[in-house]
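Please read the structure below before turning to the comments.
Chain A is the first sequence line, chain B the second, and so forth, proteins listed ahead of strands; every chain is numbered from 1.
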Amino acid sequence: MPELPEVETMVRGIRDAVEGHSITDFRRCPCACKPIATQPEMDEIRELVVDRTITKVWRRAKRVVLELEDGSAFVIEPRMTGLMLLSDPPDIEHLRFQWELQRGTKSHSVWFWDRRGLGTLKYFDKEQLAYVLGETFLGPDALDMTLPLWKQQLAKTTREIKIALLDQKLVAGIGNLYASEILHRAKISPKTPANRISTTRIKRLAECTDAILRTAIKYEGSTLGDGTYRNALNQDGSYQNEHRVYAREKLTCPDCETGVIKRIVQAQRSTFYCPRCQSR
DNA sequence: ATTAATGTTCAGAA
DNA sequence: TTTCTGAACATTAA
């Protein structure tokens, strides 16, 4: 589930407890879940990382990067239900990986927890890392977008803007929830072909993307009804209280107070919007 | 029993 | 070449 704001929250939540710490052990948790890495891989990785220091914790799009002193790194993609946690996992059955860390005489652990198990964890050397996080697979980070970049990227496709916003090669970090929220605030119809959006609207899109993502980070992301997403201490985020359209079908639009929020399906995924505010 | 869920990827078709 | 569709991954809850 996590999109850019939730992943950024995870990164900030674990940063102080991870940066500058050395790895004393890295293991797969003894859960009954289907493993997302094979044992030979695990042994190999463990060999390479034990006694190394994690120097940087950062985010690229919707991925968490734990970078070691030699430039190699763990790249964790939480996908739908993955969480990076320092404590209090929602349950112990779905803990997947554990890093045992140490600084001085103090030691503690960081976990990757994932209920559905769609998340991935990989370990790359410095060169591979640059490649897998580079422009071959990912467009510019949503927080690094500028007006000229938006123009350039949107000109590349005729797809409906809502669908284009989910294309990580066009712009990286936006997911299904924030795509609806961003387009609503920018007053752009989700059905508008990306390459036919006026400059005025692109400008609004740029501003609203930035504003919404930054605000959502401030609120530590969105925790929905199923409560899947939580911060590093297993606490709820609060941006869900600020949602204007997402999962609010049939409710009155909080902006125009006249339109009724509609749910449509685009590329097999729900889009929520106000037909009155977002007529084109 | 069925459906949908904040994500990504792949195959095959249009 | 680009775009679209459906299925797949695994799990839970309405």
Side-chain angles (χ1 to χ4, degrees), chain A residues 1-10 29 31-38 59-64 75-84 89-96 112-122 132-133 136-139 142 153-184 190-191 193-196 212-213 216-217 219-231 236-249 263-272:
Chain A
M1 56 38 83
E3 304 179 27
L4 186 152
E6 288 76 26
V7 177
E8 180 63 26
T9 303
M10 289 178 198
C29 296
C31 66
C33 311
K34 188 185 172 232
I36 61 181
T38 65
R59 176 190 62 74
R60 167 75 167 114
K62 303 176 192 174
R63 291 156 204 206
V64 176
V75 175
I76 298 108
E77 226 182 304
R79 303 247 176 131
M80 295 292 269
T81 53
L83 299 177
M84 295 298 291
D91 62 52
I92 53 164
E93 301 95 80
H94 299 104
L95 283 172
R96 307 280 170 160
F112 177 59
W113 179 93
D114 187 357
R115 190 178 63 195
R116 282 172 67 178
L118 301 179
T120 63
L121 173 144
K122 291 171 185 168
V132 298
L133 297 183
T136 310
F137 304 107
L138 292 170
Q153 295 299 79
L154 295 183
K156 288 180 179 174
T157 181
T158 61
R159 284 175 295 169
E160 295 174 332
I161 182 62
K162 160 60 167 29
I163 297 170
L165 287 180
L166 299 183
D167 180 348
Q168 303 299 299
K169 278 202 73 174
L170 219 62
V171 50
I174 298 170
N176 202 44
L177 188 163
Y178 291 100
S180 282
E181 291 296 323
I182 289 166
L183 290 174
H184 177 256
K191 299 178 199 169
N195 66 340
R196 276 190 246 137
I212 287 190
L213 295 180
I217 290 168
Y219 284 73
E220 300 198 292
S222 303
T223 299
L224 296 195
D226 70 355
T228 300
Y229 168 72
R230 292 184 173 89
N231 72 11
D236 288 1
S238 56
Y239 193 73
Q240 65 278 7
N241 302 321
E242 310 301 316
H243 294 174
R244 307 272 180 95
V245 290
Y246 184 79
R248 298 178 64 81
E249 187 183 11
R263 173 185 176 269
I264 58 172
V265 174
Q266 294 176 289
Q268 295 108 251
R269 311 197 66 191
S270 293
T271 299
F272 299 90

Quiz item: Does the side chain to side chain contact (heavy atoms under 4.5 Å, CB included) test come out yes or no for Trp113(A) and Arg96(A), once each step is laid out?
Solution: CA-CA 5 Å; Trp113(A) 179 93; Arg96(A) 307 280 170 160; over 6 Å; no

In whole angstrom, what separates [X]'s [atom1] from [N]'s [atom2]?
| X | N | atom1 | atom2 | answer |
| --- | --- | --- | --- | --- |
| Arg60(A) | dT8(B) | CZ | P | 12 Å |
| Met80(A) | dT8(B) | CE | P | 10 Å |
| Glu3(A) | dA5(B) | CD | C1' | 12 Å |
| Asp114(A) | dA10(C) | CG | P | 11 Å |
| Leu166(A) | dG7(B) | CG | C1' | 10 Å |
| Leu118(A) | dT12(C) | CG | C1' | 12 Å |
| Asp167(A) | dG7(B) | CG | P | 13 Å |
| Leu4(A) | dT8(B) | CG | P | 11 Å |

Under 3.5 Å, which protein N or O atoms sit close to an N or O of nucleotides 9-14 of chain B? Give each pair with its distance.
none

Quiz item: Considering only heavy atoms, which members of residues 170-180 of chain A lie under 4.0 Å from some atom of DNA chain B?
Solution: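 Result for residues 170-180 of chain A: Gly175(A), Asn176(A), Leu177(A), sorted by number.
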
Within a strict 4.5 Å, meaning less than it, do heavy atoms of the [X] and [Y] side chains meet?
| X | Y | value |
| --- | --- | --- |
| Leu138(A) | Gln168(A) | yes |
| Thr158(A) | Arg196(A) | no |
| Lys122(A) | Val132(A) | no |

Practice problem: Return the set of residues passing ring pair (Phe, Tyr, Trp, His ring centres under 6.0 Å) with Tyr239(A) (not counting sequence neighbours), or none when no residue passes. | Solution: Tyr178(A), Tyr219(A), His243(A)

Exercise. Would you sort out whether Ile264(A) and Lys191(A) count as a side chain to side chain contact (heavy atoms under 4.5 Å, CB included), showing the intermediate values?
Key: CA-CA 10 Å; Ile264(A) 58 172; Lys191(A) 299 178 199 169; 3.8 Å; yes

Closest heavy-atom pair and its distance - [X], [Y]:
| X | Y | result |
| --- | --- | --- |
| Ile163(A) | Arg159(A) | CG2-CD, 4.3 Å |
| Leu166(A) | Ala179(A) | CD2-CB, 4.0 Å |
| Ser222(A) | Gln240(A) | CA-OE1, 3.5 Å |

Exercise. Could you measure between the two C1' atoms, the one in dT6(B) and the one in dC4(C), and give it in whole Å?
Key: 23 Å

Quiz item: Between dT8(B) and dT1(C), how far is it from one P atom to the other, in whole Å?
Solution: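 Rounded to whole Å, the distance is 24 Å.
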
Quiz prompt | Val64(A) vs Phe112(A), side chain to side chain contact (heavy atoms under 4.5 Å, CB included): CA-CA, chis, key distance, verdict | solution = CA-CA 11 Å; Val64(A) 176; Phe112(A) 177 59; over 6 Å; no

Quiz prompt | Distance test, side-chain N/O of His94(A) to OP1/OP2 of dA10(C), below 4.0 Å | solution =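 His94(A) to dA10(C) OP1/OP2: no side-chain N or O under 4.0 Å.
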
Self-check item: Any Arg263(A) side-chain nitrogen or oxygen under 4.0 Å from OP1 or OP2 of dA4(B)
Solution: no

Practice problem: Would you please enumerate the stems DNA chain B participates in, each stem being three or more consecutive Watson-Crick or G-U wobble pairs with both distances under 3.5 Å? | Solution: B:2-5 with C:11-14, B:7-14 with C:2-9

Quiz item: If you count the non-hydrogen atoms of other residues, nucleotides and ligands that lie under 6.0 Å from CD1 in Ile92(A), is the total more than 12?
Solution: no

Quiz item: Which one of Lys62(A), Met10(A), Glu3(A) satisfies the side chain to side chain contact (heavy atoms under 4.5 Å, CB included) criterion with Pro78(A)?
Solution: Met10(A)

Exercise. Using side chain to side chain contact (heavy atoms under 4.5 Å, CB included) as the criterion, point out the one residue from Leu177(A), Ile174(A), Ile161(A) that pairs with Ile182(A).
Key: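 So the option named by the test is Ile174(A).
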
Quiz item: Using a cut-off of 4.0 Å between protein heavy atoms and nucleotide atoms, how would you tag nucleotides 2-8 of chain C 5' to 3' with B, S and -?
Solution: -SSSB--

Quiz item: Where the side chain of Arg116(A) is concerned, which of dT8(B), dT6(B), dT11(C) is the nearest nucleotide?
Solution: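 The closest nucleotide is dT11(C).
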
Self-check item: Residue Ser270(A), side-chain atoms from C-beta onward, closest of dA5(B), dT6(B), dT12(C)
Solution: dA5(B)

Quiz prompt | For Lys156(A), all residues meeting side-chain contact (heavy atoms from CB on, under 4.5 Å), sequence neighbours excluded | solution =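 Listed in chain order: Gln153(A), Leu170(A).
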
